[in-house]
There are 2 protein chains.
Amino acid sequence: MVLNAQELFWKKGYNATSLSELSTATGAGAGSLYNTFKGGKRELFKKSLQQRKEDLEDFKIKLGNSDNPIELIKAFFISVATESKESHLKGCIVANTIVEMTFIDEELENEAIEILKETEKLYTTAILAEQKKGNIKSKIPAHTLGKHLITLWCGINTLRRVYPDKEILKQQIELQLQLIN
Amino acid sequence: MVLNAQELFWKKGYNATSLSELSTATGAGAGSLYNTFKGGKRELFKKSLQQRKEDLEDFKIKLGNSDNPIELIKAFFISVATESKESHLKGCIVANTIVEMTFIDEELENEAIEILKETEKLYTTAILAEQKKGNIKSKIPAHTLGKHLITLWCGINTLRRVYPDKEILKQQIELQLQLIN
DNA sequence: TTTATTTTGTAATGAACGATACAAATATAA
DNA sequence: TTATATTTGTATCGTTCATTACAAAATAAA
């Protein structure tokens, strides 16, 4: 149920998604939605966001089990380029929420910011470890490179809509991933 | 009048900005707004977006008059880092609009995309000219570097809200500007 | 099977929205 | 100064919104 709502929120954002659309998408009547999610539309959106946190945990585990976490991160970024056009246009629900909610809903904005910062921490930790192992030669501080990946992520999030094009996106992503070497 | 509306749209986006807020901000009653802008709220938003096109033209002229256009572009990016916290949180109305309007209003989305592409063209042209003059050694195609600046712009647009911090932003911007050398 | 509890869909509620009708006010033309 | 045209603010329109009240249906407990 949350996933159907997430799909809609992801595409249209919070404000532009109406409760009747959510009702149709989830197959649940308004009454059921409010019974299940006490906080109504806003709570449902929160749950949709939090869902991404769990996906992040999954990636964290994958990274922990990998013997080349940096390649895993790089592969993940590059894989974005080959996603569907719809995926490109949807972008990232976390980054989208930050843009939509600034000056509108501080709590939801901070919720999204927190997820992005956790992602950054994940990257930074992985980079630092690989620097210590000598697998990354670059002397740029790990926290700077971690933030760089977040900047890249947010940049691609918008570029994908301007150019939902595999080749262009791949080129841009690879160009920036060179910094981590 | 448009500028007061633009300020509001810029901060809150299209959907979250109500007509009564626009009325207060512009000092014009609803009747006056609809008399002046035949298309109502949507037309007023369009005008607010188009305003950025004119700002772009100004920058184009500045670039044309400069004997070191690349430094001008780089200085512009770096200057973003030192803007006010409010500016950081506002971000870029063009990039914001692309994120908000995908799947919602194709015309407004394309309007914003067009402005971003014009900006890209400006960058690419300047870079190509400087490459030919030998002022840029990098062999990366100008159109790739132009897109890189757009990606950076969009990335910073979101990073500014996560870290409305001069030092962090400056570091990230300078890190990426190294690619154009 | 009967009773109690929970879940569901529908219909109604009040508030806020964008848009407009219109008369008063202002500006322009004669 | 008078007559005409435009601009302005206010009050109102119809619509849509998120939310809730509630009765019917489904489920669980006895």
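Remember, it's a predicted structure, so these values are computed and weren't measured experimentally. Naming: A, B, ... by sequence-line order, numbering from 1 per chain.
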Student: Pick out which of A/I73, A/L169, A/I173 makes a side chain to side chain contact (heavy atoms under 4.5 Å, CB included) with A/I78.
Tutor: A/I173
Student: If I take atom CE in residue A/M1 and atom C1' in nucleotide C/dG9, what distance separates them, rounded to the nearest angstrom?
Tutor: 13 Å
Student: A/G31 or A/N15: which one's nearest nucleotide on DNA chain D is closer to the 5' end?
Tutor: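 Here A/N15 is the residue nearer the 5' end.
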Student: Taking the side chain of A/S18 as heavy atoms from C-beta outward, which of C/dG18, D/dA18, D/dA11 is closest to it?
Tutor: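 Taking heavy atoms from C-beta onward, the closest nucleotide is D/dA18.
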Student: Heavy-atom count check: over 12 atoms from other residues, nucleotides or ligands less than 6.0 Å from A/E174 CD?
Tutor: yes
Student: Would you kindly give the CG-to-C1' distance between A/N35 and D/dA26, to the nearest whole Å?
Tutor: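 The answer, rounded to whole Å, is 13 Å.
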Student: With nearest nucleotide decided by heavy atoms, which residue, B/S32 or A/T17, maps closer to the 5′ end of DNA chain D?
Tutor: B/S32
Student: How many Å lie between NZ on A/K38 and P on D/dT19, as a whole number?
Tutor: 14 Å
Student: Could you check which of D/dA18, C/dC17, C/dA11 has an atom nearest any side-chain atom of B/S20?
Tutor: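 Closest nucleotide to the B/S20 side chain: C/dC17.
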Student: How many Å lie between NZ on A/K41 and C1' on C/dA15, as a whole number?
Tutor: 15 Å
Student: Base, sugar-phosphate or nothing for A/A28? Non-hydrogen atoms, less than 4.0 Å.
Tutor: sugar-phosphate
Student: Can you measure A/L19 atom CG to C/dA15 atom P for me and round it to whole angstrom units?
Tutor: 18 Å
Student: So which atom in B/E100 and which in B/Y14 form the shortest heavy-atom distance, rounded to 0.1 Å?
Tutor: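 Scanning both residues, the minimum pair turns out to be OE1-N, 2.9 Å.
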Student: Quickly work out the A/L22 CG to C/dG9 C1' distance and round it to whole Å.
Tutor: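 Going from CG in A/L22 over to C1' in C/dG9 covers 16 Å.
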Student: Atom OH of A/Y34 and atom P of C/dT6: how far apart are they, to the nearest Å?
Tutor: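 The distance from OH of A/Y34 to P of C/dT6 comes to 22 Å, rounded to the nearest Å.
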Student: Quick check: A/Y123 with A/W153 (ring centres under 6.0 Å apart)?
Tutor: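 Judged by ring-centre distance (under 6.0 Å), A/W153 and A/Y123 do not meet the cut-off.
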Student: Within this structure, what is the CZ-to-P distance between B/F45 and C/dC17, rounded to whole angstrom?
Tutor: 17 Å
